[in-house]
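The structure appears right after this line, and notes come after that.
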Amino acid sequence: MTSHATEVDLEILLRRALQTTGAGARWTTDADEMWCRLTHQSGMRRRQGWKLHVSATAASAPEVLEKSLDVLLREESGFKFVRSLEQVSALNSRAKPRGSSGKFITVYPSSDDVAARLALALHRATAGLAGPRILSDQPYAPHSLVHYRYGAFVGRRRLSDQGLLVWFIEDPDGNPVEDKRTGQYSPPPWAVSPFPAAVPLPPRQEKAAGSPVLLGGRFSVREAIRHTNKGGVYRGTDVTTGAPVVIKETRPHVEGDASGADVRDWLRAEARTLEKLKGTGLAPEPLAMFETGGHLFLAQEEVPGVPLRNWVAERFRDAGSEQYRADALAQAERLVALVAAAHAHGCVLRDFTPGNVMVRPDGELRLIDLELAVLEDDVPLPTRVGTPGFSAPERLADAPVSRTADYYSLGATLCFVLAGKVPNLLPEQPETRPAQERFAEWLAACAETLRLPDGLPEMILGLMRDDPGERWDPARARTALREADPARPGHPAAGPARTDGPGGPDDPDAVTRAAVTGMVDHLVDSMTPDDGPRLWPVSVLAGETDPCTVQQGAAGVLAVLTRYFELTGDPRLPDLISTAGNWIMARTDTRSIRPGLHFGGRGIAWALYDAGRAVEDRVLTDHALALALAPPEPTPSHDITHGSAGSGLAAAHLWRRTGDPRLAELVVDAADRLAAAAQPEPSGVSWPVPAEAVSEEAGKRYLGFAHGSAGIGSFLLTAAAVSGRPEHLELATAAGEHLVANAVLVGRAAQWPAQATDPPTAPYWCHGSAGIGSFLVRLWQRTGDKRFGDLARGAAHAVTERASRCALAQCHGLAGNGDFLLDMADATGEPAYRAMAEDLARLIVSERAHRDSHVVFPNEYGDVSTSWSDGSAGILAFLLRTRHTDSRHWTVQQPG
């Protein structure tokens, strides 16, 4: 079947069925990239109820659709189906979220009685055809492709307590209830099923309240390690020996192809590989393969220890830079030996990553998750499945099996161990810069913090060459490791010696200036005021907020473009700023606002007022002031992002801008609320999350800037300057004392846990050193207490030591970390901190991707986003501060 036919075949079947049945005049068809939707002329459609899903594989989808259309086109209930076989495969892939996988056809019955009748008719029509079980739904009958769940028919969303947009339905009293799309069937208690008695589902392989699940008559399940669309992975015990085991499960038809092969075939291939490696000490010992309820299971010896990915994260956090460097070099030698040994036993790994290597307590390494591995005397299953960043480019294009692809994966894994991550190099358009050149630029930018011995950067680049025939093999890598002198750290070699002077193409300042220009071009060109629910494109993989907010909406981008206009006078921006401001103004209600800075109304007012002032638009500034003065929704939240501290901080900024005494009153009111909510600690004060805020967070006492004491303390410093009341400064100081007591010193680096009882967290603005240091340096300036200043310096060490491992953004990344280093430079007057910030800027810019005249960056999930929190707006804000003397966004400058 040609790729073109794959795209159009299913819709051809629809047109044929409409013509054959004579039903074309009764149905309206609409399509987008994913779905073909049909609406009956009767227009009957409910807002919520019992809906049906029919599953299929790429091989069975045409027949499933034909038989389903024969039922559905004679009815009046609306429905939709996935448009192409390629998309059916994606829907059934092992990476698909469990809550949405498998739903080839969705039917919206016009009543409960119709739902029951259609379910039976579709079940009979599709009986005997292949399709995966839909995990979010209840199967209509054993082995049926038809499933059902209670949920929304029409997309309705509301803001949750966390400020995220969620789908909702209504209970019988009209109250909104979140319509959760998870991998488990869980109808609301008031929804009465119209279907026959529920089919008993296979027992969940998790620890139950009663006796444990026994699989294969031999393996007792103790706990689930993880659940994915392809199946679960469980820890258990071999009841015949008492030995600990790991049991891997694969579900029928997941990752199915047109030949009928699926993830069960991958598990069989893994079993063959483990048998081949049996007794070598390279991989777990295989124990048994068995089938239960159509699911295939493989039991194998449990390897004690932690995945290499976790080992790197924990050691980066706990060891200190010098100790980590020594440990990482030792681990690198083991990794090279591991790949060489696997090849010596005739095994090509095809998915060698930090997640597929276990570090035993004695430091030895073991291969795990060998489902993609290929024995040299076996016929490999064709696949483009792999791990981006670690799989060789030709591997992801289904190139023939070759050891040279493992060399690339070895180089990427060594990079991950030595540097803490592998950069996410997004595709460029056009692709004018080879991947190895871009990777070398990033490795060179890591030089200041990595301090790798001479020869090791060259080794990593050699293993990861674009041309498979030019890649180093493990023997050459082993020689480079043995010749490396840890006492002579060198800089990564990115190619021939650089000869360009200042302003040339290899001048870091010129590269950064060009990146800033390309980012602004992207923001200018990607604004769509007349199209869609958002003004700028954002990633929603971590959840979606109100489209006007600072965190992820238009206000964050507007604020940065306003600042860019103030600094550069770019003539394109006044009209754009006015357009964006009016777009926000049309979508904000001055009768009531949500609390908080990043998720709330006053953060939007902050951005809108500054924009109106910059372009001399009185309508925008008046609306911003009305928004700031609007009564906030009641909130038990205390923090900067969602609560009283954030609302108060925005009011303080606007008071300084306007002098309006009503805003000063709002600042003092917020500070007094926080004083009343403060809970004494042995070392100071904290602000526990109230139960009525977010129930699963109730009682947590966060330390960081976004959600805890550091952000609240920073606002209280500002409030003290507004109110002139010593108790506000005393409360800020008490918050600082609590942070002093909970600091964790690793060498010269100061780290903090998210909560006092947790291990230290990453050094980001949200919970970690960058945000806490941002408060402590201000507290040191205000009080003169050396302890606060010393810990802020320690936080700066934590930020720089871990720079190579970091993502890029404001909330969890280098941009927020760099802004803190610039705060340190401003507060201390020491140029070293600005130099550190510029190193971070070069590291960020080295991960850029050019798309014609635009420059974009990956967020934590590999998406392109424009937002403040995880996208280019927050990155641009930091890069501008490295080029201009400027204040930090979302902070209030104290009077000198």
Side-chain angles (χ1 to χ4, degrees), residues 34-35 37-40 42-56 68 71-72 75-82 91 96-124 126 131-161 164-202 204 227 229 543-544 695-696:
M34 181 75 175
W35 299 101
R37 296 179 174 85
L38 284 93
T39 305
H40 195 268
S42 67
M44 295 177 60
R45 190 160 186 188
R46 296 187 295 170
R47 296 166 72 90
Q48 64 189 55
W50 291 98
K51 56 186 175 180
L52 308 178
H53 292 112
V54 184
S55 70
S68 298
V71 173
L72 296 172
E75 300 283 343
E76 296 184 356
S77 298
F79 64 96
K80 67 180 181 180
F81 64 88
V82 175
L91 197 67
K96 191 71 176 176
R98 287 159 52 85
S100 56
S101 173
K103 298 173 181 177
F104 171 48
I105 301 174
T106 303
V107 185
Y108 304 98
S110 55
S111 70
D112 286 2
D113 289 342
V114 171
R117 178 163 52 79
L118 281 177
L120 175 59
L122 288 167
H123 167 65
R124 288 173 173 170
T126 59
R133 190 171 91 71
I134 297 172
L135 296 173
S136 64
D137 291 25
Q138 172 74 29
Y140 180 78
H143 312 298
S144 181
L145 301 191
V146 180
H147 301 70
Y148 56 84
R149 71 180 291 265
Y150 192 94
F153 285 15
V154 179
R156 292 187 292 168
R157 293 195 292 177
R158 64 188 294 270
L159 288 169
S160 69
D161 291 337
L164 300 177
L165 287 167
V166 297
W167 303 102
F168 76 95
I169 53 179
E170 292 178 351
D171 68 14
D173 296 324
N175 300 311
V177 177
E178 185 176 352
D179 183 15
K180 295 182 178 180
R181 288 100 189 267
T182 68
Q184 185 175 2
Y185 176 64
S186 55
W190 37 264
V192 179
S193 170
F195 305 100
V199 179
L201 297 178
R204 288 179 62 83
H227 284 290
N229 192 39
E544 187 175 359
S695 57
E696 59 267 26

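Computed from a prediction, not measured in an experiment: that's the story for all the values here.
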Starting at CG of L91, measure out to NZ of K96 and round the result to the nearest 0.5 Å. 5.5 Å
With rounding to the nearest 0.5 Å, note down the distance linking OG in S68 to CZ in F104. 7.5 Å
Do P109 and L52 touch side chain to side chain, with heavy atoms closer than 4.5 Å? yes
Could you label the plane-to-plane angle of the Y140 and Y148 rings as parallel, tilted or perpendicular, counting under 30° as parallel and over 60° as perpendicular? perpendicular
If you measure from the Lys or Arg side-chain nitrogens to the Asp or Glu carboxylate oxygens, is any gap between R157 and E544 under 4.0 Å? yes
Heavy-atom closest contact (S101 atom, N229 atom, distance): OG-ND2, 2.8 Å
Mind checking side-chain contact (heavy atoms from CB on, under 4.5 Å) for E76 and listing every partner two or more places apart, or none if nothing turns up? H40, S42, M44
Side chain to side chain contact (heavy atoms under 4.5 Å, CB included), that's the test. Do Y185 and I134 meet it? Break it down for me. CA-CA 9 Å; Y185 176 64; I134 297 172; over 6 Å; no
Taking side chain to side chain donor-acceptor pair (under 3.5 Å) as the criterion, tell me which of Q184, H53, H147 meets it with D137. H53
Is a side-chain donor or acceptor of W50 paired with a backbone partner of D113 at a separation under 3.5 angstrom? no
Are the side chain of T182 and the backbone of G99 linked by a donor-acceptor contact shorter than 3.5 Å? no
Is any side-chain heavy atom of P188 closer than 4.5 Å to one of D171? no
Show the nearest heavy-atom pair for residues A152 and K51, with the distance to one decimal. O-NZ, 2.9 Å
Can you check whether V146 reaches L120 side chain to side chain, under 4.5 Å on heavy atoms? no
Does some side-chain heavy atom of W35 sit less than 4.5 Å from a side-chain heavy atom of V82? yes
Between E170 and R47, is a salt bridge (Lys or Arg N to Asp or Glu O under 4.0 Å) present by the stated rule, with each step listed? CA-CA 9 Å; E170 292 178 351; R47 296 166 72 90; 5.0 Å; no
Heavy-atom nearest pair, V114 first then S77, reads CG1-OG, 3.6 Å
Would you say W190 and D173 make side-chain contact, with heavy atoms under 4.5 Å? no
Would you check if R133 and P139 make a side-chain contact, meaning some heavy-atom pair closer than 4.5 Å? yes
Taking all non-hydrogen atoms of both residues into account, name the closest pair between P132 and A56 and its distance. CD-O, 3.5 Å
Side chain to side chain contact (heavy atoms under 4.5 Å, CB included) between L165 and L159, worked out: CA-CA 4 Å; L165 287 167; L159 288 169; 3.6 Å; yes
Heavy-atom check, side chain of I105 versus side chain of L72, under 4.5 Å: yes
Would you name the heavy atoms of H123 and A141 that are closest together and state the gap between them? CE1-CB, 3.8 Å
F168 and P176: which non-hydrogen atoms are nearest, and at how many Å? CD1-CB, 3.7 Å
Checking side chain to side chain contact (heavy atoms under 4.5 Å, CB included) for the pair D179/R149: CA distance, chi angles, key distance, verdict? CA-CA 11 Å; D179 183 15; R149 71 180 291 265; 3.0 Å; yes
Yes or no on side chain to side chain contact (heavy atoms under 4.5 Å, CB included) for I169 and Y150, after CA distance, side-chain angles and deciding distance? CA-CA 9 Å; I169 53 179; Y150 192 94; 4.1 Å; yes
How long is the gap from CZ on F153 to OG on S110, to the nearest 0.5 Å? 9.0 Å
